[in-house]
J.: 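First the structure, then my questions, so here it is.
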Amino acid sequence: MKYWLMKSEPSDVSIDYLSQLPKQTIEWYGVRNYQARNFMRDLMNDGDLAIFWHSSCREPGVYGIVKVEGAVHPDSYQFDPGSKYYDASSTTTNPRWWCVDVKLVKKTKYISITELRKYQELSEMQVLKKGNRLSITPVTKTEWEFISNLLQN
DNA sequence: GCCAACGTTGGC
DNA sequence: GCCAACGTTGGC
């Protein structure tokens, strides 16, 4: 099993929105970056765990834990001409954008990006690095366990 | 709202 | 295949 961090803009999909969905499960639509797509398409597996992160907001940071549910599939929004994620050059026979579904495992206490930056143990964490823009990044087992401990305190 | 960082586009 | 221009991301 692998560990990930997945960013979401709370004005789009927030942790509270996710927790109010009937199955607390959502398609991780809208990723239009090849590296992030490849993580989902090629490396994610059913049962992988991810940190749910709010970005582009007043209080960026950790808000919960989610789990990958089922298999990777084409992002449905790429075929919807009314969506801002529509991609006219993608076809159903050869889709360009892929994604997974994630299910909420639990809402956690909030840990701010400012706090996370204080820990030497997390100094190599992708999301904390200068210039980081990737919306999906791998998290090491060590980082995962360190953050799990923070969440228990 | 600023702006550094970085990905993508497209002319050559 | 280089690289300048452009667009987007996202913390602050």
J.: What is the minimum heavy-atom distance between A/T137 and A/F39, and which atoms define it?
T.: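 Looking at all heavy atoms of both residues, the shortest contact is CA-CE1, 4.4 Å.
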
J.: Please tell me whether A/D80 and A/Y29 have a donor and an acceptor in their side chains that are separated by less than 3.5 angstrom.
T.: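 There is no such pair (donor and acceptor under 3.5 Å, judged by atom type) between the side chains of A/D80 and A/Y29.
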
J.: Base, sugar-phosphate alone, or nothing: which one does A/S56 contact when heavy atoms must sit under 4.0 Å apart?
T.: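 Base contact - A/S56 has a heavy atom under 4.0 Å of at least one base atom.
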
J.: Can you pull the contact range of chain A along DNA chain C, 5' to 3', using atoms under 4.0 angstrom from its heavy atoms?
T.: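 Contacts span C/dG7 to C/dC12, reading 5' to 3'.
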
J.: Quick one: do A/K7 and A/N132 satisfy side-chain contact (heavy atoms from CB on, under 4.5 Å)? Show the steps, please.
T.: CA-CA 12 Å; A/K7 291 187 201 168; A/N132 158 74; 2.9 Å; yes

J.: Less than 4.5 Å apart, any side-chain heavy atom of A/Y63 and any of A/H54?
T.: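 With C-beta onward as the side chain, the pair touches.
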
J.: Using only heavy-atom distances, determine whether the side chains of A/S89 and A/D87 contain a donor-acceptor pair under 3.5 Å.
T.: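 The answer is yes; a qualifying pair exists.
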
J.: What nucleic acid atoms does A/R117 come within less than 4.0 Å of, heavy atoms only: base, sugar-phosphate, or nothing?
T.: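 Sugar-phosphate, backbone atoms only, no base.
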
